[in-house]
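Residue numbering restarts at 1 for every chain, and letters A, B, ... go by the order of the sequence lines. This is a predicted model, so every value here is computed, not measured.
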Number of protein chains: 2
Amino acid sequence: MLIVGELINASRKAIGEAISIQDAEAVKKVAIDQYEAGANFIDVNAGIFVGKESEYLQWLVTTVQEVVDAPCCLDSPDPAAIQAALSVHKGTAMINSISMEKARYDALIPVIAGTDLKVIALCMSDEGMPETAEQRLKIADRLINGLVQNNMKIDNIYVDPLVQPVATNKTFGIEFLKAVEAISTEFKGVHTMCGLSNISYGLPNRKFINQAFAVMAIAKGLDGLIINPLDKRIMANLITAEMLSGRDDYCSNYLRAYRSEKFEF
Amino acid sequence: MLIVGELINASRKAIGEAISIQDAEAVKKVAIDQYEAGANFIDVNAGIFVGKESEYLQWLVTTVQEVVDAPCCLDSPDPAAIQAALSVHKGTAMINSISMEKARYDALIPVIAGTDLKVIALCMSDEGMPETAEQRLKIADRLINGLVQNNMKIDNIYVDPLVQPVATNKTFGIEFLKAVEAISTEFKGVHTMCGLSNISYGLPNRKFINQAFAVMAIAKGLDGLIINPLDKRIMANLITAEMLSGRDDYCSNYLRAYRSEKFEF
């Protein structure tokens, strides 16, 4: 399970303020906390700063990598910001994200073509948000083909089937889950990942819903998540679901996590 | 989701004692509690009383149905005990369970053939316990064919693919989950159900594991569970997982359950 820590996002008030006053210590603390909690990648987002996104994204990467030995997940639709961040990034970054929206696709392909970068391929196109598993699969197919034709490795592609709120339409949960399974089955070697919070939009007790949805998605083959790794309950759920889906030899990861008392089982 | 309340089982000390001294009030209380918590069927088991199982199972059915307007799930491999219980049962009972073990199969078929009874069809044969999804599917196929040839309705068949401990073999969780999905897909109209506790045998924090496994199985299509309905946390998980798998119009069941404060979200 690949875990991307989502907390260094400028749309969160504390982070937005830290970025605007270049408070490196505040950013570093959140990076360290997430890394120690188990994040494999640290997401960095400076999207709210129009005109300064490239500069700030670069600063975030440098600041984060001064204290943690982990790659970043560069969270921007802007190829200029991505390139600025890549120019200072150590190790192999992840790009969050490309989609089949033409402007976004055409702008990002030249940046990532032929590289060893990992890329999140979001199932969205200019025809709008997909609702069914079938619609997601069609977009995933075009994205995967486009990326492979541009010399990206299958193993570096993380398809995000796009989570939509179950309160809007009762089929939105199960159609997403079906898409995860179909993508894992039909495109051998491709990964699937997602954020969780959209699923519970408009409902009470969102964390509980998000946890159950993550566990269900892992049962369907999901192998990456963009989450808050400081949430000890969601981490316990992921570790347990991984064990139950056959990914934990001798239950050793579960047992180690349980005994560590770092998580909330 | 069909919920069978599992608590009236003679192997539980309090129930075993209540049965042996014919303490009807104790049994009635557990029946009422489970029914009010959402059980659709009340499991009754008097298996520890060799030589008296028929008499006691009959007494349990009568006692339970004096206070709750729900059918029982008759939990015995002994056709004589099942028949004794059926002779006093009101409404349509569930039989727990038939299997492909020859002696059990041959003895139970005459009791249930041509009836409207619901039956749990356990994936077990004289060749032992199945380990892979494929082995489970083969037994399920023989069981379903046998039941249909004996004039049982498809809609009354609840296949239990047989949960085995993940601590014994890391594939036991995922092979069970694959079997649930394959049975739901290949035998349209057949239900799947199971108990949970075997999955976590030998591991710490069993309830947490059981909850995650239930949620994963629902993602794969499981639509019945034999559980303790007084466990407010597992019930909250089931209600949430049902919503996320497209079985809750307008999230109304989730919202009602959440507002009732009867469950632990």
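There is no contact between E242(B) and chain A, counting heavy-atom distances below 4.5 Å. Neither the backbone nor the side chain of E175(B) comes within less than 4.5 Å of any heavy atom of chain A. Neither the backbone nor the side chain of A217(B) comes within contact range of chain A; no heavy atom of the residue lies under 4.5 Å from a heavy atom of that chain. Y254(B) touches chain A through its side chain: at least one heavy atom from C-beta onward sits under 4.5 Å away, while N, CA, C and O do not. Heavy atoms closer than 4.5 Å to chain A are found in the side chain of T240(B), but not in its backbone. At a 4.5 Å heavy-atom cutoff, the contact between N205(B) and chain A is made by backbone and side-chain atoms alike.
Atom CG of residue N169(B) and atom CG of residue D249(A) lie 10.0 Å apart, to the nearest 0.5 angstrom. Between K220(A) atom NZ and K220(B) atom NZ the span is 5.5 Å, to the nearest 0.5 Å.
Interface remark: of the candidates S200(A), A236(A), G246(A), G246(A) forms the most heavy-atom pairs closer than 4.5 Å to chain B. Taking D248(A), I218(A), I209(A) one by one and counting their heavy-atom pairs under 4.5 Å with chain B, the maximum is reached by I209(A). Most heavy-atom pairs under 4.5 Å with chain B, from the set I199(A), L177(A), N237(A): that is N237(A). Ranked by heavy-atom pairs under 4.5 Å with chain B, the list A241(A), P204(A), G173(A) is led by P204(A). Looking only at heavy-atom pairs under 4.5 Å with chain A, the residue among K178(B), E181(B), R247(B) that has the most is E181(B).
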Can you list the steps and then say if M243(A) with F213(B) is a side chain to side chain contact (heavy atoms under 4.5 Å, CB included)?
-> CA-CA 10 Å; M243(A) 172 178 73; F213(B) 197 61; over 6 Å; no
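Residues C251(B) and A167(A) approach most closely at SG-CA, 3.8 Å, considering heavy atoms. Counting all heavy atoms, side chain and backbone alike, A219(A) lies closest to M216(B) at CB-CB, 3.7 Å. When all heavy atoms of L244(A) and A212(B) are compared, the pair lying nearest together is CD1-CB, 4.0 Å.
Side-chain contact between L203(A) and Y258(B) is absent, with no heavy atoms from C-beta onward closer than 4.5 Å. For the pair R233(A) and F208(B), the minimum side-chain heavy-atom distance is below 4.5 Å.
Within a 6.0 Å sphere centred on CD of E264(B), other residues, nucleotides and ligands contribute more than 12 heavy atoms.
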